[in-house]
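Here it is: the structure, laid out below.
Along the sequence shown, residues are numbered consecutively beginning with 1. All heavy atoms count here, side chains included; hydrogens, waters and symmetry mates do not.
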Amino acid sequence: MAATEAGHPPSPTLTLSLLSDLTPPSLERTWLTAPHPTLPLVATCSSDKTVRVYSLTNFRLLSTISGGHKRSVRTCAWKPNVSGESVLATGSFDATVGVWRRWDNYGETIGAAQDGDDVIPGRGGEEGTEEDEDEEWRFAVLLDGHDSEVKSVSWSASGMLLATCSRDKSIWIWEDLDDGDNNFETVAVMQEHEGDVKCVAWHPAEECLASGSYDDTIRIWREDIDDWGQVACIRGHGGTVWGVDWEGSENVPSVENGSGPADEWKRWHALSGPRLASCSHDKTVRVWRRQPKAQGGGPGAGAMPSIIRPAGIDETWEESAILPHAHELSIYAVAWSRRTGLLASVGADGRIVVYEERFEAASQTDPQPMDTDGADATSATPQPSTTWSIVAVMDGAHDIYEINHVVWAKRADRGRDENKEEEVLVTTADDGSIKVWTYTMSSVPCSI
């Protein structure tokens, strides 16, 4: 499949190169890798009931977190906006959610690794012991409420809310009371999904939650006067929605020359907010955009009105794009880079695919005016048109094994300017390996 269309300039090709494996790997299946919000390290959850924390500076194991779950750890997430400590939430097939705390934020350890020190305390090697690991990570809270396997956990941008979802078809929202006693309060239990809820993801700036399910839908949730509820039910996928990821708040597609399309894009982006990417068993990656309220906020074909919520709160989400076909089997995860705007997907076919969005040459003449009903005149300009292209494909990235997850992460190399952090792609697979990929851009069109 050609990655460019006739009449458009060729999109740059992105070349993926294996930078390193994270060592040592798990001896069992690894499910997901979560990058730290600020530091060059990641946490990976495994079927061996542990979470491993690795450095992205020297690719070595820093800590092994164990003892809290009785079955596979399926998901984990770092709490953002934490000072002086590290906090991780974990979800397990044992139907429980754990919150773990470490009484420093790895700053000294990362600094030692960057300076070339090979001794990493508590990493489980010759210089570390199980007692060291027990002292550095503490199983602080067990959140019990789900009736079946927990599939995904996600912290809100503020770090005060934790969303969890399960095979029991429910989504729970917990509030960290931050009272010094590790107390969490259940603030909502949502049960509108008609099947196993596979994933939850918080909006990058707002207290708005997206979820994907075995029922083939994506649902959007918000709070109104102390009551959480569904504001949109997005239909379009023809199979299980395995993953969702939000666009960065400041993302602007690639542009060849001039700033006109970018300026108009920012105006539209401010009205509709970040888009949402999703991936599915139907082998597609799709992008969804919220219809601005100025265009009419009532429920339409893409929304399911709720009988217990005012109709004015409902949102209409529209399909913005179906990305070019690239996968032959289920797509398990999609990741949207908040630094470059590139999208990456992985799945059961063991393939990594990277997509780029670019402004179309004729975008400013495409008539797509908004019916603003007296809104600011700047919002009545046509929405700039974009096109998505495949810019990289890596087959057999983990040999014959399925890839369960992909994520973009920041990495600061030794001697590298701290203001010029490198972005890498991290993939997690059935063989227990975690691979770190770097990329370079060229100007040759990619095809598969």
Worksheet item: Does the side-chain hydrogen bond (donor to acceptor under 3.5 Å, both in side chains) test come out yes or no for Tyr355 and Ser345, once each step is laid out?
Response: CA-CA 9 Å; Tyr355 315 81; Ser345 61; 2.9 Å; yes
Discussion item. Under a 3.5 Å distance rule, please check whether Ser320 uses its side chain to pair with a backbone N or O of Val287 as donor and acceptor.
Written reply: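 Answer holds: no.
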Worksheet entry | Salt-bridge present (Arg222, Glu315; N to O < 4.0 Å) | yes
Worksheet item: Side-chain contact, heavy-atom cut-off 4.5 Å: Ile352 with Thr427?
Response: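 The answer is yes; the side chains approach within 4.5 Å.
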Worksheet item: Should the pair Trp202 and Trp228 be assigned to parallel (<30°), tilted (30 to 60°) or perpendicular (>60°) ring geometry?
Response: perpendicular
Worksheet item: Can a donor-acceptor pair be found between the side chains of Ser433 and His398 at a distance below 3.5 Å?
Response: yes
Worksheet entry | Point-to-point distance, once rounded to the nearest 0.5 Å, from CG of Asp216 to OG of Ser280 | 6.5 Å
Worksheet item: Charged N to carboxylate O below 4.0 Å: is that the case for Arg286 and Glu319?
Response: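 Salt bridge present between Arg286 and Glu319.
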Worksheet item: Where do Thr284 and His325 land on the side-chain hydrogen bond (donor to acceptor under 3.5 Å, both in side chains) test, with the steps shown first?
Response: CA-CA 7 Å; Thr284 68; His325 175 77; over 6 Å; no
Discussion item. Regarding Glu357 and Thr386, do their side chains bring together a donor and an acceptor under 3.5 Å, going by distance alone?
Written reply: yes
Fill in: Arg358/Glu360 ion pair, N-O < 4.0 Å
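Looking at Arg358 and Glu360, the cut-off is not met.
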Worksheet item: Can you list the residues that meet the salt bridge (Lys or Arg N to Asp or Glu O under 4.0 Å) rule with Asp196, with sequence neighbours excluded?
Response: Lys151, Lys198
Worksheet item: Nearest heavy-atom pair of Thr50 and Ser66: which atoms, and what distance?
Response: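 Thr50 and Ser66 have their closest heavy atoms at CG2-CB, 3.8 Å.
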Practice prompt. Validate the cation-pi geometry between Arg102 and Trp78: distance from NZ or CZ to the six-membered ring centre under 6.0 Å, angle to the ring axis within 45°.
Written response: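 No, a cation-pi geometry is absent between Arg102 and Trp78.
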Worksheet item: With sequence neighbours excluded, what pairs up with His281 under the ring-ring contact (aromatic ring centres under 6.0 Å, His included) test?
Response: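 Testing His281 for ring-ring contact (aromatic ring centres under 6.0 Å, His included), a comparison that skips the adjacent residues, returns none.
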Discussion item. Among residues at least two apart in sequence or on other chains, which ones pass salt bridge (Lys or Arg N to Asp or Glu O under 4.0 Å) with Lys283?
Written reply: none
Fill in: Residue pair Val426 / Val436: nearest heavy atoms and the distance that separates them
CG2-CG2, 4.5 Å
Worksheet item: Applying salt bridge (Lys or Arg N to Asp or Glu O under 4.0 Å), which residue pairs with at least one partner in residues 425-435 are found, sequence neighbours left out?
Response: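 Matches after skipping sequence neighbours: Asp21-Lys435, Arg29-Asp430.
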Discussion item. We want to know whether Glu250 and His269 form a side-chain donor-acceptor pair, criterion being a heavy-atom distance below 3.5 angstrom.
Written reply: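 Per modelled atom types, Glu250 and His269 side chains form no pair under 3.5 Å.
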Item to complete: Hey, could you give me the CD/CZ distance between Glu402 and Arg351, rounded to the nearest 0.5 Å?
Response: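 Spacing of CD (Glu402) from CZ (Arg351) equals 14.0 Å.
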Discussion item. Does Lys49, at its NZ atom, have more than 12 non-hydrogen atoms belonging to other residues, nucleotides or ligands within less than 6.0 Å?
Written reply: no
Worksheet item: How would you list, by chain and number, every residue that makes a ring-ring contact (aromatic ring centres under 6.0 Å, His included) with His193, sequence neighbours excluded?
Response: none
Worksheet item: Parallel, tilted or perpendicular: which describes the rings of Trp100 and Phe139, with under 30° parallel and over 60° perpendicular?
Response: tilted
Worksheet item: Do any pairs count as a salt bridge (Lys or Arg N to Asp or Glu O under 4.0 Å) and have a residue in residues 81-92, sequence neighbours left out, and if so which ones?
Response: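 Counting only pairs at least two positions apart or across chains, the salt bridge (Lys or Arg N to Asp or Glu O under 4.0 Å) contacts touching residues 81-92 are Glu85-Arg101.
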Worksheet entry | Stepwise side-chain hydrogen bond (donor to acceptor under 3.5 Å, both in side chains) check, Tyr439 with Glu423 | CA-CA 9 Å; Tyr439 60 89; Glu423 185 177 49; 3.1 Å; yes
